[in-house]
Number of protein chains: 2
Amino acid sequence: MKRHVLIFGLVGGVLVTLLKLMEYRFLVIEHSFEIYGGLIALTFAVLGIWLGIRLNGRRQAVIVKEVVVPVAIRGGDSFTVNESKRDELGITPRELEILGLVAMGLSNREIAGKLFVSENTVKTHCSRAFEKLGARRRTQAVQLGKEFGLLGETGRPNG
Amino acid sequence: MKRHVLIFGLVGGVLVTLLKLMEYRFLVIEHSFEIYGGLIALTFAVLGIWLGIRLNGRRQAVIVKEVVVPVAIRGGDSFTVNESKRDELGITPRELEILGLVAMGLSNREIAGKLFVSENTVKTHCSRAFEKLGARRRTQAVQLGKEFGLLGETGRPNG
DNA sequence: GCCAAAATCACCCGAAAGCATGACGACAGA
DNA sequence: TCTGTCGTCATGCTTTCGGGTGATTTTGGC
């Protein structure tokens, strides 16, 4: 994706050089500024349009083609794996528990009611968990939690 | 669609005129050609990028992604299932796309930046998607989206 | 060309979430 | 006993979300 920006820059540089050379060779021509200006404008407009299309080109209608593989992949000791990951990140059991409820789509207030603690406590646990996960939002925390294998598909904590 | 081309032309014309005026007023400055050339290149590049993005807006490139799925979990043709589910709920492709980005943990602002639309637009799409899903929070929407098979584990829209 | 659906954008306002900070008790281990 | 961690709670503040409403524009089908 950045490749296109790079190409843009390179082509732009080459064009600038070329135009500069042209300038020195044909500067004697009348109205040269207009010609060069027009050329520059044209080329950079085209380049810009190209880059714009490239840049935005991944407007995708993703078709998911599933590759079926045998089960038994998920066999490993899920518990210890997640346990170690949890330890590695320094996330406490309580934080993970709350993270699980967050993943299930509950609000802080609902979580507080469910666990019989105050909403502020829930927020504190959330904040600490987010910090340890490197997340700034609860949705991001959920996503990271699942990537790290801390949460299952149902939002249930794995560990 | 044509409107953007028109705007492009108009703005371009105005800019050319402005630069031409500048040329006559400040031509005495040394290295003016480089400055004007750079300005022209910059402005037209920006304009071009803008036009490219606008022009490319709706076109969708079909991307086929292969996903490894354990055989036991897989149920039927994922594509058609999700497509029909999406239709059943009345969720538009755009809404699903934004839902996917929400699932990836992005904020409305980040989504807006990624899709080159305003934050308000993202919020509108979100609200409609939430309403159709019966969700009151984005975390809940993500959870429901996954339950309905609209979103994959990575937050990628399925369909 | 016309119509309906979809997409875009704006504005306001209240609620929820998040951040920083501090504090206090329980409890395990050194 | 001292220390560190954990869980709990609070307060104040800023940001983000979400709902409501209305509007324009684009697009695709007829």
Side-chain angles (χ1 to χ4, degrees), chain A residues 56 59 61 86-144 157, chain B residues 1-7 50-51 53-60 86-87 89-144 157 159:
Chain A
N56 201 25
R59 186 72 64 92
R86 190 175 66 70
D87 277 353
E88 182 187 326
L89 293 172
I91 295 177
T92 70
R94 193 59 159 172
E95 285 161 4
L96 184 58
E97 183 182 9
I98 279 167
L99 195 59
L101 296 175
V102 167
M104 284 169 53
L106 302 186
S107 69
N108 287 340
R109 185 162 303 175
E110 288 167 338
I111 295 171
K114 205 179 189 66
L115 298 183
F116 299 105
V117 296
S118 86
E119 196 176 332
N120 286 316
T121 304
V122 175
K123 286 167 114 180
T124 302
H125 284 309
C126 277
S127 286
R128 297 213 177 120
F130 294 172
E131 191 181 3
K132 289 166 185 172
L133 282 168
R136 305 183 62 77
R137 283 166 291 283
R138 49 180 44 215
T139 46
Q140 196 181 5
V142 169
Q143 172 66 11
L144 290 170
Chain B
M1 191 63 81
K2 300 182 191 156
R3 178 180 227 87
H4 295 131
V5 180
L6 200 64
I7 293 175
W50 171 80
L51 184 63
I53 290 173
R54 286 290 139 186
L55 227 51
N56 196 43
R58 184 75 55 253
R59 202 161 308 150
Q60 295 192 341
R86 191 174 66 70
D87 278 353
L89 293 171
I91 294 176
T92 70
R94 192 59 157 173
E95 286 162 3
L96 183 58
E97 183 182 10
I98 280 168
L99 195 59
L101 295 174
V102 167
M104 284 168 55
L106 303 185
S107 68
N108 288 340
R109 187 163 302 176
E110 288 168 337
I111 295 172
K114 206 180 189 64
L115 298 183
F116 298 104
V117 295
S118 86
E119 197 176 334
N120 287 315
T121 302
V122 176
K123 288 168 84 176
T124 301
H125 284 310
C126 276
S127 287
R128 300 228 173 107
F130 293 173
E131 190 181 1
K132 289 167 185 172
L133 282 168
R136 306 185 63 76
R137 286 168 288 283
R138 48 180 47 214
T139 45
Q140 196 181 4
V142 169
Q143 173 66 10
L144 289 170

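Letters go in sequence order (proteins before strands), and every chain restarts at 1.
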Interatomic distance, [X] [atom1] vs [N] [atom2] [rounded to whole Å]:
{"X": "A:Glu95", "N": "D:dT8", "atom1": "CD", "atom2": "P", "value": "10 Å"}
{"X": "B:Gln140", "N": "D:dG18", "atom1": "CD", "atom2": "P", "value": "10 Å"}
{"X": "A:Arg138", "N": "D:dG18", "atom1": "CZ", "atom2": "C1'", "value": "14 Å"}
{"X": "B:Glu119", "N": "C:dA10", "atom1": "CD", "atom2": "C1'", "value": "12 Å"}
{"X": "A:Phe116", "N": "D:dG7", "atom1": "CZ", "atom2": "C1'", "value": "17 Å"}
{"X": "B:Leu99", "N": "D:dG18", "atom1": "CG", "atom2": "P", "value": "11 Å"}
{"X": "A:Arg109", "N": "C:dA15", "atom1": "CZ", "atom2": "C1'", "value": "8 Å"}
{"X": "A:Lys123", "N": "C:dG22", "atom1": "NZ", "atom2": "C1'", "value": "16 Å"}

To the nearest 0.5 Å, how far apart are SG in A:Cys126 and CD in A:Glu119?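 Rounded to the nearest 0.5 Å, the SG-CD separation comes to 10.0 Å.
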Look up atom CZ in A:Arg94 and atom CG in A:Leu99, then write down how far apart they are to the nearest 0.5 Å. 13.5 Å
Of the non-hydrogen atoms in B:Leu115 and B:Ile98, which two are nearest, and what is the gap between them?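 That would be CD1-CG1, 3.7 Å.
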Work out which heavy atom in A:Lys132 is nearest to a heavy atom in A:Thr92; give both atom names and the distance. NZ-CG2, 4.1 Å
With a 3.5 Å distance limit and no angle check, can you tell me whether A:Glu95 reaches the backbone of A:Ile91 through a side-chain donor-acceptor pair?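 No, the answer is negative, given that no donor and acceptor are paired below the 3.5 Å cut-off.
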Has [X] got a side-chain N or O lying under 4.0 Å from the OP1 or OP2 atom of [N]?
{"X": "A:Arg94", "N": "D:dC6", "answer": "no"}
{"X": "A:Asn108", "N": "C:dA17", "answer": "yes"}
{"X": "A:Thr92", "N": "D:dG7", "answer": "yes"}
{"X": "B:Ser118", "N": "C:dA10", "answer": "yes"}

Most 5' of B:Thr124 and B:Thr139 on DNA chain D, judged by nearest nucleotide: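 Nearest nucleotide further toward 5': that of B:Thr139.
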Is there, by distance only and without an angle test, a donor paired with an acceptor across the side chain of B:Ser107 and the base of D:dC17 below 3.5 Å? no
Among residues 126-137 of chain B, which contact DNA chain D at a heavy-atom distance under 4.0 Å? B:Ser127, B:Phe130, B:Arg136, B:Arg137
Mind checking B:Asn120 for me? I need base, sugar-phosphate or nothing, with any heavy atom below 4.0 Å counting as a touch.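 It contacts base atoms.
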Is B:Thr121 touching bases, backbone alone, or none of the nucleic acid, heavy atoms closer than 4.0 Å? base
Counting only heavy atoms not in B:Glu110 (residues, nucleotides, ligands), do more than 12 fall under 6.0 Å from its CD? yes
Show the numbers, then the answer: is there a side-chain hydrogen bond (donor to acceptor under 3.5 Å, both in side chains) between A:Thr124 and A:Ser127? CA-CA 5 Å; A:Thr124 302; A:Ser127 286; over 6 Å; no
